[in-house]
Structures are given as structure tokens and as C-alpha cells.
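Structure first, then comments.
Residue numbers count from 1 along this sequence. Remember, it's 1-based here, ligands and their atoms both numbered in the order they're listed.
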Amino acid sequence: MKIICIGRNYAEHIEELGNEKPESPVIFMKPDSAIVRNNEPFYYPDFTKDVHHEVELLIKIREVGKSIAPKFAHKYYNEIGLGIDFTARDIQAIAKKKGLPWELAKGFNGSAPISKFISKEGYDVKNINFRLLKNGEEVQKANTSLMLFPVDEIISYVSKFITLKKGDIIFTGTPKGVGPVIIGDRLEGFIEEKKMFDFMVK
Ligand code: MG
């Protein structure tokens, strides 16, 4: 399986990092070795001093597809989840300055904690509230209606270039409120009122 991530998909997050609004979705990938499941702790890596949390809605692909039209994209997923796109902001800043790829800043071991997936039945993916608490305090909160590129457009766009396969996961972008984590932090993520993950930074 592969993990496809969308960057710069919420206007206020683009502003907080001083980036430009993209004309088409910004795509990058993480390796499967980035995944952390079952609320296992995130171990703070020793090659960075500035790991940021980015809470994101996840989509799990359920069947193979390429060049999917937006109107058919909903047929290619039936489960959603919540995850963190951990980012070594210091390493990313160097890459951005040099115009180099982000993989080491975004794809390191443990950089993709994910929740269990739940059925999308009963949810409108264009109108889902989600949020992140750090040590009990709300740090990120958004609604998927604020996405610049909605889920079905993301699937359509990505599948023009990269064939999607069953089990692939899409990180759909983070809203404003990203910030650093330190060892000892507790991160809890919610879709609506449903707790999706709860883990420690160690
Ligand atoms: Mg992100």
C-alpha cells in the first residue's frame, strides 16, 4: 500500500506557513514504514528539533482505479479515519529553501500515526468536523468544507498520475493550528464527537 498526502489544502493553514495558494493539489507521499497504529507512542526522532503535528482526515481506497472522474470518486472509498502528518519542520524548511523534495521531513519512521477506519455511512465527507487536542487543550479544529480541493477532486486528480489501489491511504491536508510537539505530550483526535486516537509522544 501507499500513503498519498495533500499539502496546502486549507487556506488559513497556507497563510500561517506563508505559502502560496496552489492551482492544483500539492501531492507528496510517505512510505508504509511511517505508519503507527493502535495508539502506540510516537518516538521523537533524534535528527530534528522541531516536529509539528498536522491532524488530517484520512480516506482509505477500496478498489483499484485510475483516471477516476470526480463524480465517480465516491465509489472508490467507503472508510474514513484520522491521522497525524508529523512533519520535521526544520528539515522541511531547508528542503523548501533549496527547492528539494520533502520526503525526509515528512516520511520518516513514525511520521504517520493513523486511527482505525470507520464507515463513511452517516457522514458527509464535505462536511465533517474534526479536531486535535494536545494535553487536553484544543490546538486544531476544522470542517472538511474548508478544503480547497475536496476529497473527490483529490482522488480524481491523483488517479490521473498514480493508480490507486485497495488499501491505499490519503491524508487530505491539515487545517490551521499546526505546532510543535515535545516528549511527554498526549495527542487525542476526534471526528465529530468520536475519539479516533489517543497516544503519547515519547
Ligand atoms: Mg499535512
Criterion side chain to side chain donor-acceptor pair (under 3.5 Å) against Gln140, the qualifying member of Lys176, His53, His13: His53
Among the N/O/S atoms of Glu56, which is closest to the Mg ion (ligand 1)? Give the atom name. OE2
Closest Glu54 atom to the Mg ion (ligand 1) [N, O or S only]: OE1
Can we say Glu79 and Arg62 salt-bridge, meaning some charged N sits less than 4.0 Å from an Asp/Glu carboxylate O? no
With respect to the Mg ion (ligand 1), what is the nearest N, O or S atom of Asp85? OD2
Could you check whether Lys120 makes a cation-pi contact with Tyr77, meaning its NZ or CZ is under 6.0 Å from the centre of the six-membered ring and within 45° of the ring axis? yes
Ring centres under 6.0 angstrom apart (Phe47, Phe108): yes
